[in-house]
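Below is one structure, written out as structure tokens, with a few remarks after it.
As the structure is a computational prediction, the values presented were derived from the model and not from experiment.
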Amino acid sequence: MSKEAPNFVVRGILIGASVGVLGYLIGFLPNLPRAIALGMVPGFVAGITLARAHKAKHNDDDE
């Protein structure tokens with residue numbers, strides 16, 4: 001039975017969008033769709049970074 005790797009990119013996008021909404025609610029950004037988009041972009045990058053780190057960690061364990 002193979003274990004499926006967690007989807008870091010989707011998780012990063014969702015967390016980034018949530019941070020964008022919080023930024024809108026606090027008053028940093030005046031436009032909700034823009035706040036969500038501006039949160040999703042760094043969330044996407046963070047998700048890719050976490051996925052690559054996770055992959056590198058598991059490649060080192062296999063050797």
Side-chain angles (χ1 to χ4, degrees):
M1 184 181 296
S2 66
K3 290 174 60 177
E4 189 173 325
N7 199 342
F8 293 108
V9 176
V10 173
R11 190 184 312 172
I13 290 172
L14 290 175
I15 292 171
S18 300
V19 170
V21 170
L22 287 175
Y24 169 75
L25 293 175
I26 291 172
F28 287 124
L29 296 167
N31 191 355
L32 181 60
R34 182 176 291 171
I36 292 172
L38 288 176
M40 290 172 83
V41 171
F44 175 74
V45 174
I48 290 175
T49 304
L50 284 173
R52 291 182 69 191
H54 182 28
K55 183 179 177 182
K57 179 181 175 185
H58 283 286
N59 283 343
D60 290 343
D61 290 342
D62 292 339
E63 291 178 0

Checklist entry - Which heavy atom in Tyr24 sits nearest to a heavy atom in Ala35, and how many Å separate them? => result CB-CB, 3.9 Å
Checklist entry - How does the hydrophobic cluster around Val10 look, that is, which other residues are in it when side-chain heavy atoms under 4.5 Å mark a link? => result Leu14
Checklist entry - Quick one: do Ile13 and Ile36 end up in the same hydrophobic cluster if we chain Ile, Leu, Val, Met, Phe, Trp and Tyr together by side-chain heavy atoms under 4.5 Å apart? => result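 In one cluster with Ile13: Ile36, yes.
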Checklist entry - Is there a chain of hydrophobic side chains (I, L, V, M, F, W, Y, each step under 4.5 Å between heavy atoms) that links Met40 to Leu25? => result yes
Item to check | Distance, nearest 0.5 Å, that separates CG of Asn59 from CZ of Arg52 | outcome: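 Nearest 0.5 Å value for the CG-CZ distance: 11.5 Å.
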